[in-house]
Amino acid sequence: MFIINFNFIKPIEEVNRYTEQHRNYVAKQYKEGKFIIGGPLEPRSGGIVISDMKEKEEIIEVLKKDPLIIEGVAEFSLTEFTPLMSAENLKSYVK
């Protein structure tokens, strides 16, 4: 499992030009089961997404196609972790 940390590297006005495209792209990843949950940081300097994708290389390929990354207004970092505990409704993600 991965935590995806998006960090905006351009002014928010530039980021806003691509936000709708980004959200549409991310929505597709949720529908395909690649992403579990996510949203913007407060204050709005980026965002966080949790992914259950297994291969780091695969997730990098997905993220490289995100409009925010393509347009150079954001960058991402990945943190891999193994879930050991969860709320009852998320038990299917615990290894």
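Side chains included, hydrogens not; waters and symmetry mates left out as well; all remaining heavy atoms used. Predicted model, so just to flag it, every value in this text is computed and none were measured.
The distance from atom CE of Met53 to atom NZ of Lys34, rounded to the nearest 0.5 Å, is 5.5 Å. The CD atom of Glu71 sits 10.5 Å away from the CG atom of Asp66 when rounded to the nearest 0.5 Å. Taking CG from Asn7 and CD from Glu75, the interatomic distance works out to 5.0 Å, rounded to the nearest 0.5 Å. One distance of note links CD of Gln29 with CD1 of Ile59; it measures 9.5 Å at 0.5 Å rounding. The distance from the CD atom of Glu61 to the CD atom of Glu55 is 12.5 Å, given to the nearest 0.5 Å.
Residues Ala74 and Ile69 approach most closely at O-CD1, 3.3 Å, considering heavy atoms.
Checked by atom type and distance alone, the side chain of Tyr18 never pairs as donor or acceptor with a backbone atom of Gly72 at under 3.5 Å. The closest donor-acceptor contact from the side chain of Ser45 to the backbone of Leu41 lies at 3.5 Å or more, if one exists at all. In terms of modelled atom types and a separation under 3.5 Å, the side chain of Ser51 and the main chain of Phe2 share no donor-acceptor contact. Using modelled atom types, no side-chain atom of Tyr25 and backbone atom of Leu63 make a donor-acceptor pair closer than 3.5 Å.
Side-chain contact between Glu14 and Phe8 is absent, with no heavy atoms from C-beta onward closer than 4.5 Å.
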task: Evaluate the side-chain contact (heavy atoms from CB on, under 4.5 Å) criterion for residues Leu68 and Lys10: first the C-alpha distance (whole Å), next the side-chain angles of each, then the deciding distance (0.1 Å), finally the verdict.
output: CA-CA 10 Å; Leu68 295 181; Lys10 297 287 182 172; over 6 Å; no

- request: Show your working on side-chain contact (heavy atoms from CB on, under 4.5 Å) between Ile3 and Ile48 and close with a plain yes or no.
  value: CA-CA 7 Å; Ile3 299 169; Ile48 298 287; 4.0 Å; yes

message: What verdict does the side-chain contact (heavy atoms from CB on, under 4.5 Å) test give for Ile36 and Met1, after you've listed the backbone C-alpha separation in whole Å, the side-chain angles of each residue and the deciding distance to 0.1 Å?
response: CA-CA 10 Å; Ile36 299 168; Met1 189 167 279; 3.7 Å; yes

message: Apply side-chain contact (heavy atoms from CB on, under 4.5 Å) to residues Phe76 and Asn5 and explain how you reach the verdict.
response: CA-CA 5 Å; Phe76 66 86; Asn5 185 0; over 6 Å; no

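Under the 4.5 Å side-chain contact rule for hydrophobic residues, Ile60 and Phe6 share a cluster. Residues Leu90 and Ile50 are members of one and the same hydrophobic cluster, defined by side-chain heavy-atom contacts under 4.5 angstrom among Ile, Leu, Val, Met, Phe, Trp and Tyr. Linking ILVMFWY residues whenever their side-chain heavy atoms come closer than 4.5 Å, directly or via other members, leaves Ile37 and Val26 in distinct clusters.
The 12-atom threshold is exceeded at NZ of Lys91, counting heavy atoms of other residues, nucleotides or ligands nearer than 6.0 Å.
Not counting sequence neighbours, the partners of Glu20 by the side chain to side chain contact (heavy atoms under 4.5 Å, CB included) test are Asn24.
Between Ile4 and the options Val62, Thr79, Val49, a side-chain contact (heavy atoms from CB on, under 4.5 Å) holds for only Val49.
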